[in-house]
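For reference, the structure is listed below as structure tokens.
Residue numbers begin at 1 in each chain, while the letters A, B, ... track the order of the sequences.
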Amino acid sequence: MEEFGKTEAALIAARRENLAALRSRNKDPFAQRRCEVNATADELVARYAFLVPGQDASAEGWSLAGRLLSKRTMGKTVFADLADRTGRLQIYIRKQDVGDEAFADWADLDRGDLLGVRGYMFRSKMGELTLHVTSFVAIGKALMPLPDKWHGLQDVEKRYRQRYVDMIVNPDVRDTMIMRSRLIAEMRRFIDERGFYEVETPTLLHVAGGAAARPFVAHCNALDQEMQLRIATELNLKRLIVGGMERVYEIGRIFRNEGIDTTHNPEFTMLELYAAYWDVSDMMDFNEALIAHLVSTVTGGGTDLPHGDGPISFTRPFARIEYLDAMAQYSDGKYTRDVLLDPAGAQAIAHELGLPRSPTHGHALDKIFERVLEPHLVAPTFVTGYPVAISPLAKRRAGDPEITDRYELFCARMEISNAFTELNDPDDQRARFEAQVAERISGDEEIPDPDWDFVRALEYGMPPTAGIGIGVDRLVMLLTGQRSIRDVLLFPLQRQHG
RNA sequence: GCGCCUUUAGCUCAGCUGGUAGAGCACCGGACUUUUAAUCCGUUGGUCCCGGGUUCGAUCCCCGGAGGGCGCACCA
């Protein structure tokens, strides 16, 4: 046998030798087409919880499949760990049970290989539920060496770039992603139950609107036109309300060509939902019920989520504060309605707080809000009554035209949802778009080009409607206790490198 | 964009004002029929992120660059 050093190439070569050995005995793992499976790790652990150490259930045979994560060999017996999508199960193999030839095959299995096993359950002397293997078959080979069995993969960059390795050796990553999948399924079920239609609107648009953000641009060869990736689904979903669908939602990918940090990824997932004949308070009820339901899902029926500074309670009703009242309250009465709603007054406050000069009144208000209010919003709180200056698509409040029927829900200092009674007056909408054109000219590059066809749609008549947007990734962060958005995304964006 | 930190074996990490690198795990060989980070014995493994500079000599000091993380800025 050739002498190998232990570089990565040598580790791969050793695994290839084992593969060749299996093939020479007609046990090629890659020749396997399917694998009989009638149980999962979790099912077996639950089913045989009653077994006492030393006791077995040899009358009942099971087949399962998964990845070999560790081997503990003691001469003629082996304990090993097999992981499937539900978790880990210890397996036990004896030479006297499987025979010399199969036991030789076992020696050619490496950590990371995929295999199917048959056997029966017992509880080992040390108390662990274990599958006593009567036969096994290799169904795939890991030619690449796995990271450290104890420390797993810690290199953050490698974890994101090679998420498949991360998931193999760091089970909590897989758990988080599975929880994300469940939460989105649960969200969908909750919404569907209430008579909403799920729709899919275009990602490629000529004019990306519905939010203030810089879009990604793309070129369509067939049309020879520049396209933008959507920054929101809002305008198209409201077109569907005009069209008569009445209750629609989309859980869709949104693209914003902006910064990347622990709460921002250039592409992210947003739930937007619109209900004809509802107003913002109907939506608030819906929102509260949805969030409480998801908290219950993740906690197994509870109302509290663990958090850094102690648990956060999601007992209904959530707190409610008026935007202007809260601003006054947290500034000892200094930031009054009159000052905030005056563009010069808002700029003066922003300056006093040491914030950079804002290009628009709305921008300044947002900066002040983030500095003054957001740090206090740990418990779930609906902030209601946003100024019209920062709500270009929301309906004005009856009897108070400078304020809109809008709220945002905050938890753990993060904005979780944004909802309002939709503006359905086409003349008001056109006027606000025109005002935005002026703001764009004055330097706010994030203000999109107006979507004039949207105004035309409103001219055909949109019923009173409430709409909501929920940042799904941030909600999953909150519900799973992850501190970085990258830890709830399967493949967060990374710079390409050579 | 700015600042701080970081990059050393397949993985996790050490490395002393500057003298051409170590450990654990993994791997390979051996012992072992209820282990669980199995254990014990023996071996093996390096583009010290890249490019310059200073120096007799650079993983280490200096300059530039790349990747990543965090904070700030940006981001309703």
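As rounded to the nearest Å, B:A14 and B:A31 have C1' atoms that lie 32 Å from one another. The same atom, P, is picked in B:A26 and in B:U39; the two are 7 Å apart, to the nearest Å. Comparing the C1' positions of B:C61 and B:C25 gives a spacing of 34 Å, expressed to the nearest Å. On the P atoms, B:U12 is 36 Å away from B:U54, given to the nearest whole Å. B:C28 and B:U43: their C1' atoms are spaced 8 Å apart (whole Å). On the P atoms, B:C56 is 31 Å away from B:G46, given to the nearest whole Å. When the P atom is compared between B:G69 and B:U8, the two are found 15 Å apart, to the nearest whole Å.
Going from atom CZ of A:R256 over to atom P of B:A76 covers 7 Å, rounded to whole Å. Going from atom CZ of A:F79 over to atom C1' of B:A38 covers 10 Å, rounded to whole Å. The nearest whole Å value for the distance from the CD atom in A:E258 to the P atom in B:A73 is 16 Å. Between A:D81 atom CG and B:A37 atom P there is a gap of 10 Å when expressed in whole angstrom units. If you measure from atom CD1 of A:I93 to atom P of B:U36, you get 17 Å, rounded to the nearest angstrom. The interatomic distance linking A:L68 (CG) with B:U36 (C1') rounds to 14 Å, in whole Å. When the C1' atom of B:G10 is taken as reference, atom CD1 of A:I12 falls 8 Å away, rounded to whole Å. Remark: P of B:A76 and CG of A:L365 are 13 Å apart, rounded to the nearest angstrom.
Within residues 113-125 of chain A, the residues approaching RNA chain B are A:F122, A:S124, A:K125, by heavy-atom distance under 4.0 Å. Heavy-atom distances under 4.0 Å link RNA chain B to A:P147, A:D148, A:K149, A:W150, A:H151, A:G152, A:L153, A:Q154 of residues 146-154 of chain A, given in residue order. Contact check of residues 368-382 of chain A against RNA chain B (heavy atom, cut-off under 4.0 Å) returns A:E370, A:R371.
Ion pairing between a basic and an acidic side chain is recognised when a charged N comes within 4.0 Å of a carboxylate O; A:D451 and A:K238 show no such pairing. The pair A:D81-A:K149 does not meet the salt-bridge criterion, since no charged nitrogen lies less than 4.0 angstrom from a carboxylate oxygen. Salt-bridge formation is detected for the pair A:R397/A:E322: a Lys NZ or Arg NE/NH1/NH2 atom is positioned less than 4.0 Å from an Asp or Glu carboxylate oxygen. Comment: A:K71 does not engage A:D113 in a salt bridge, judged by the lack of any side-chain N to carboxylate O separation of less than 4.0 angstrom. Salt-bridge annotation for A:K27 and A:E101: present, with a side-chain N of the basic residue lying under 4.0 Å from a carboxylate O of the acidic one.
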Identify each donor-acceptor pair in which a side-chain atom of residues 48-61 of chain A lies under 3.5 Å from a protein atom, sequence neighbours left out, and give them as a table.
from  : atom 1 : to    : atom 2 : distance (Å)
A:Y48 : OH     : A:E60 : OE1    : 2.2
A:Y48 : OH     : A:W62 : NE1    : 2.8
A:Q55 : OE1    : A:V52 : N      : 2.9
A:D56 : OD1    : A:S58 : N      : 3.2
A:D56 : OD1    : A:S58 : OG     : 3.4

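Residues forming a side-chain hydrogen bond (donor to acceptor under 3.5 Å, both in side chains) with A:R432 (at least two apart in sequence, or on another chain): A:D428. Partners of A:D261 under the side-chain hydrogen bond (donor to acceptor under 3.5 Å, both in side chains) rule, at least two apart in sequence or in another chain, are A:T263, A:H264. Residues forming a side chain to side chain contact (heavy atoms under 4.5 Å, CB included) with A:A435 (at least two apart in sequence, or on another chain): none. Applying the salt bridge (Lys or Arg N to Asp or Glu O under 4.0 Å) criterion to A:E352, with sequence neighbours excluded, gives A:K334. Every residue was checked against the side-chain hydrogen bond (donor to acceptor under 3.5 Å, both in side chains) condition with A:S124, not counting sequence neighbours, and none meets it. In this structure, the side-chain hydrogen bond (donor to acceptor under 3.5 Å, both in side chains) partners of A:K395, at least two apart in sequence or on a different chain, are A:N424.
Across all strands, A:K95 comes closer than 4.0 Å to no nucleic acid atom at all (heavy-atom distances). Counting any heavy atom pair closer than 4.0 Å across all strands shown, A:K367 reaches a base atom. Residue A:Y386 is classed as having no contact, given no heavy-atom separation below 4.0 Å to the nucleic acid. Contact annotation for A:T262: backbone-only contact, meaning every heavy-atom pair under 4.0 Å involves sugar-phosphate atoms and none involves a base. Residue contacts for A:Q96: at a heavy-atom cut-off of 4.0 Å it reaches a base atom on one of the strands shown. Nucleic acid contact for A:P392: base, since at least one base atom lies under 4.0 Å from a heavy atom of the residue. Residue-level contact check: A:A80 touches neither bases nor backbone, having no heavy atom under 4.0 Å from any strand. Residue contacts for A:D261: at a heavy-atom cut-off of 4.0 Å it reaches a base atom on one of the strands shown. Residue contacts for A:R486: at a heavy-atom cut-off of 4.0 Å it reaches the sugar-phosphate backbone alone, with no base atom in range.
Position along RNA chain B of the nearest nucleotide to A:E128 versus A:K158 favours A:K158 as the more 5'-ward residue. Along RNA chain B, the nucleotide nearest A:S484 and the nucleotide nearest A:L393 are compared for position; the residue whose nucleotide lies closer to the 5' end is A:S484.
For A:E446, taking side-chain heavy atoms from C-beta onward, the closest of the listed nucleotides B:C27, B:C74, B:U34 is B:C74. Of the candidates B:G10, B:G69, B:U34, the closest approach to any side-chain atom of A:T7 belongs to B:G10.
Contact annotation: A:R483 side-chain N/O to B:G69 OP1/OP2 distance is not under 4.0 Å. Within the structure, a side-chain polar atom (N or O) of A:R72 is placed less than 4.0 Å from OP1 or OP2 of B:A38. Applying the 4.0 Å criterion to OP1 and OP2 of B:G69, one finds that A:R159 has every side-chain N and O outside that range. Residue A:R495 has a polar side-chain atom (N or O) positioned under 4.0 Å from OP1 or OP2 of B:G68.
No donor-acceptor pair closer than 3.5 Å links the side chain of A:D449 to the backbone N or O of A:V207. With hydrogens and angles disregarded, no donor-acceptor distance shorter than 3.5 Å links the side chain of A:E250 to the backbone of A:T233.
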note = Dot-bracket assigned to RNA chain B with the 3.5 Å Watson-Crick/G-U criterion, [ ] for crossing and | for other-strand pairs, is (((((((..((((.....[..))))..((((.......))))......(((((..]....))))))))))))....

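Under the side chain to side chain donor-acceptor pair (under 3.5 Å) criterion, no residue pair touches residues 371-381 of chain A, with sequence neighbours excluded.
Under the 30°/60° scheme for interplanar angles, the aromatic rings of A:F410 and A:F369 are found to be tilted. The aromatic rings of A:Y386 and A:Y323 are tilted relative to each other, their planes meeting at an angle between 30° and 60°.
A donor N or O paired with an acceptor N or O is found under 3.5 Å between the base of B:U35 and the side-chain atoms of A:Q90.
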